[in-house]
Structure formats: structure tokens, C-alpha cells
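Just so it is clear, the model here is predicted, and its values are computed rather than measured.
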Amino acid sequence: MLGIVALSLIALCIFGAGLMAVRSGNLVHSVLWLAVALASTSAMYLVVGATFLSAVQIILYTGGVITLMLFGVMLTDRNETTKIGNPSGRRALGAITALAMFGLIVAAVSQTDFLGGGGTLVDTQALGRALLTDHLLAFEALSMLLLAAMLAAIVVARRRDP
Amino acid sequence: MTVASNASNSFIMSLPSPVPEILTHPVGHGLVMGTIILTFFMLISAWSIWFERRFAGRMQSRVGPNVVGPAGLLQPIADAIKLLRKENLVPSGADKVLFWLSPPMTLFFTLATLAVIPLSEDLLVAELDIGLLWVLAFSGLLLFPTWIAGWASNNKYTLFASMRAVAQGISYEIPLLFSAIVPVVVVGSLSISDIVRYQGEHGWLLFWPLGPGALGFLIFFVASLAEANRIPFDVPEAESELVAGVTVEYSGMMYGLFPMTEYVHTLITSALASALFLGGWYGPFGWAPGVHWMVGKTLFLFFVIFWARWSLVRFRSDQLMRLCWVWLVPLSLLCVCGAALWVVYVGGVA
């Protein structure tokens, strides 16, 4: 019961922070609201007992990705006072997309069998072992993808010799 | 190395038996231990400012604060009262909410890491399975308040300072994480207490896996100095270039929280380094209680940081980045590989 209340409060936090991230016209505020949403997601993992996932969420997303975003904002945006609106103005299309996405997620969640079908809560050691045995190919493929992205970024950002 | 068996003189054992009921309940235990550890770290930090000023005075052939109280010992209290009585000014062009939010956030993220720092076998708030990740996560989050303070102040010096702080922070976080992985790989656990207990049985990690241990400790110490913005890595608040870094526009106690948390963070870093690499609460011989060893090692590393601060000069920004990406990152990767090879070929974890 307490868990349900905590999860609902956290879900409300994620929802509110996500909404503010989209609605606040200030780019820096948006990024910080996104950080609040990601940190709340980590709290949600903590409540359901996935402690490792929760710490990694903080280190990688809130600590890493958001910091890089702030860095990007600092290097590109010079006029912090301008309000950023919706440039296309197609509200109806946006609403339809959002609803379709929501329906997709609800369908996926309702068809998943959570822990009922004999699954167990995975501890950190089992998670690490699974990553390096059963899912090794996916793991390596992902790291190759990240490496390619990094090399591409270096190539794009490299100073060209005249 | 002989192992101190300090089960007989641990903190809980020294309490009158039966153990007070409040310590057996998780919340009561957290409250009591939290109060003890918080008080310890805050008091040490406050008087370390006095110590540092006296120490710097001695190194520079001058006296240092010696007026308030005997040998100037009441100086931290006087400073705190002065800061509390000053007005908290907010610049008119500042982002007011974020400006006010930043100092408490700094304090919160710093003190949150204290939850998993063990001072001895029993003297800790909570023994988390992912204790090390918890500390690293929250010290990584410390970049946020620094950045927010610099941006919200709406001042060019603070903005430069926060850009430098973020660049330095995300760079040095990589060698910090990798060198902290060395004990994790060797011990096979993310819990700080497990890592210390392993060192009690097998010897300090600084010595035993000969290469990765010592090198890992060095990289961890250097990278955490950079994370805590201490000289020679205090480029973000270089007073000769940027006035006072991100704190330029702050006044009163709002300002006071920044240096205070910086000292607490440095102290926590020293405690973490001594727990991960220097055997934590285990000493080379058995007659002193564990908490003495842990506090002694922590204070020694803390002292080394002060020593470096008043002996070395500041790096330039580009030298700082070169040191990190050209030396520390590859070396820390080598360390992790060395530790993994050591685990596979010499001593395996279960």
C-alpha cells in the first residue's frame, strides 16, 4: 500500500516535471526540469527495489547526459531571455501523436507479465553476468554503435587544416 | 600484513549491554548514526578551516588567525556568526528561484553521500549494496548546483567559472569512476563495507594487487581533488582570473554554504579514499579501535590535500584537460584491465 502511494507520487513528479520541461519557454529551465524527471525515474527504480538501475540512472542520465546538455546550451544559446514557442503550431497533430504513443505504451504494459510468470527480481551480480553471457552480442553491438558515434563527433568537430 | 581483529572494541560493543533498543530499529539506527556522523564531519570541516589558515600562515612565515579565543580556535564560530548576520543580496538580473536553490542543493548532495561512508564496522548510517555507486552518483550531481549558481547569477565571471567547472567535472569523472572500479573488480562487491572487510582479510588494496592498487589510488586521489576543485585543480574559481568563481554574486550565509560544502566534500573524499584503498578501519596492529584508524587515515589524506594546496600552483585550463584525457583516462583503463587480469590469473573472487 505504501509502495503504491510512493509510486503514484513519483509518477506525478515525473509527469509534472516532464510537462514543465516541454512547456517552460526557457531552454535552461527545460533542461533542469528534464533532470528532475530523470531523477524521479531513478527514485521509482529505488522504490521497486532495483537499486543498481537507480544508481546507474543517476550517474548516466542525470549526471552525464543532462550535464552534457547544459554544456551544449551554454555553448550555443546566447539569448536566454527569448521564449521558445511551438514553431509549427500544429497542436492537433501533436496531440494525436501523443495519444497514439500513450496507447502503445498502455498496450505494451498491459500485455507484460510482471513477475507473475515465475520471473524473479534480478540482483546486480546476475545482471552483470547476463550482460556478459546471454546478451553479449547486443552489448558489444551497442558499444560499437557508441564508438562510431564518438568517432563521427570527432571527425565533425575536427579543426580542418587549410 | 597482520589483521587487526577489532570486533571486541567496535563501537556497538563499547555501548552498555544490552544494546539500546533504538539502535536495533532501522529508522532509529539511521537517526542516531546519522547524527553522530553528520556532527563529526561538520565539526571537523569547521575547524579544518581554522587549521588550514594557521597551517598556511606557518608555511608562508606569518601568524594566521590568532585573536578570537585561545590560538584563534573560536575563529570558525566568529566567521559563521558574521556570515549569518550579513544580508543575502540577489542581483536584479538574476534568475531568482535558481539563484536561491543552488546553495541548499550543494549542501544536500554533499551530505547525502555521508549515508554510506563507514567510520568503523558499526559506525555507519546504512550499509547499501551499491554504496560506492551511491557516493559517485551524488558527487557527480554536485556539478548541477555549481552550474546553476554560475548561470543564475547572470554575471560573466560566474558563467565562465561554471563552464570551466562543468568541463573539468565531466572530464575527471571518467578516471574517478574507472579507478573506483579497481577495488570493485578485486573484491567483487559494490558495498564499501565489503571492500573494507576484504582488505581486513587480504591486506590493503594500496599494496596487494601490486600495480593496479597503487596506481588506482593515485588516480582516484588526483581525480577527486579535481572533482572537489582543490588546488592544483581549482581553475573554476581561479581568484586571479575570475574574482571568486561561481560565488561572485553571493553574500552572507548563501555564500558561506559554498566553501563549507567544499570542505565537507574534500573530507568525504578523503574518507572514501581511505576506505577503498587504505584498509578503512583496519590498522597495521590491533590495539587501537577501528574508528581511530579510519579517522586517522581520513585526516592524514585531508592534511595532504591542504599541504598540496599551499605548495603547488594552479594548472592552466588546457594543461588540466591534457592531464585528464592524455594521462589519467588511459592509465585508469589500464588499471581496470590489470585488476581484471589479476582477478582471473592470481586471486579469484567467488
Please determine whether the number of non-hydrogen atoms from other residues, nucleotides or ligands lying under 6.0 Å from atom [atom1] of [X] exceeds 12.
{"X": "B:W327", "atom1": "CH2", "value": "no"}
{"X": "A:M69", "atom1": "CE", "value": "no"}
{"X": "B:Y157", "atom1": "OH", "value": "no"}
{"X": "B:F178", "atom1": "CZ", "value": "no"}

Could you check A:I58 against B:F138 for side chain to side chain contact (heavy atoms under 4.5 Å, CB included), going step by step and ending with a plain yes or no? CA-CA 8 Å; A:I58 292 264; B:F138 275 99; 5.6 Å; no

N/O donor-acceptor pairs under 3.5 Å from side chains in residues 137-155 of chain A, not counting sequence neighbours:
residue : atom : partner : partner atom : Å
A:S143  : OG   : A:F139  : O            : 3.2
A:S143  : OG   : A:E140  : O            : 2.8

Quick one: which of B:I148, B:I170, B:L142, B:L141 has the most heavy-atom pairs under 4.5 Å with chain A, could you say?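 That would be B:L141.
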
Return the option, out of B:S189, B:A137, B:S162, with the maximum number of heavy-atom pairs under 4.5 Å with chain A.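 Option with the greatest count: B:A137.
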
Identify which part of B:L133 has an atom lying under 4.5 Å from any heavy atom of chain A, answering side chain, backbone, both or neither.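 Both parts, backbone and side chain.
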
Euclidean distance, B:W134 CH2 relative to A:L46 CG, rounded to 0.5 Å: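 Going from the CG atom of A:L46 to the CH2 atom of B:W134 covers 6.5 Å.
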
In Å, rounded to the nearest 0.5 Å, how long is the span from CG of B:L143 to OG1 of A:T62?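 Interatomic distance, B:L143 CG to A:T62 OG1, rounded to 0.5 Å: 12.5 Å.
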
Does anything in residues 31-41 of chain A reach chain B? List residues with heavy atoms under 4.5 Å apart, or say none.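 Within residues 31-41 of chain A, the residues under 4.5 Å from chain B are A:L32, A:A35.
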
So do the side chains of B:L190 and A:F52 get within less than 4.5 Å of each other, counting heavy atoms only?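 They are in side-chain contact.
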
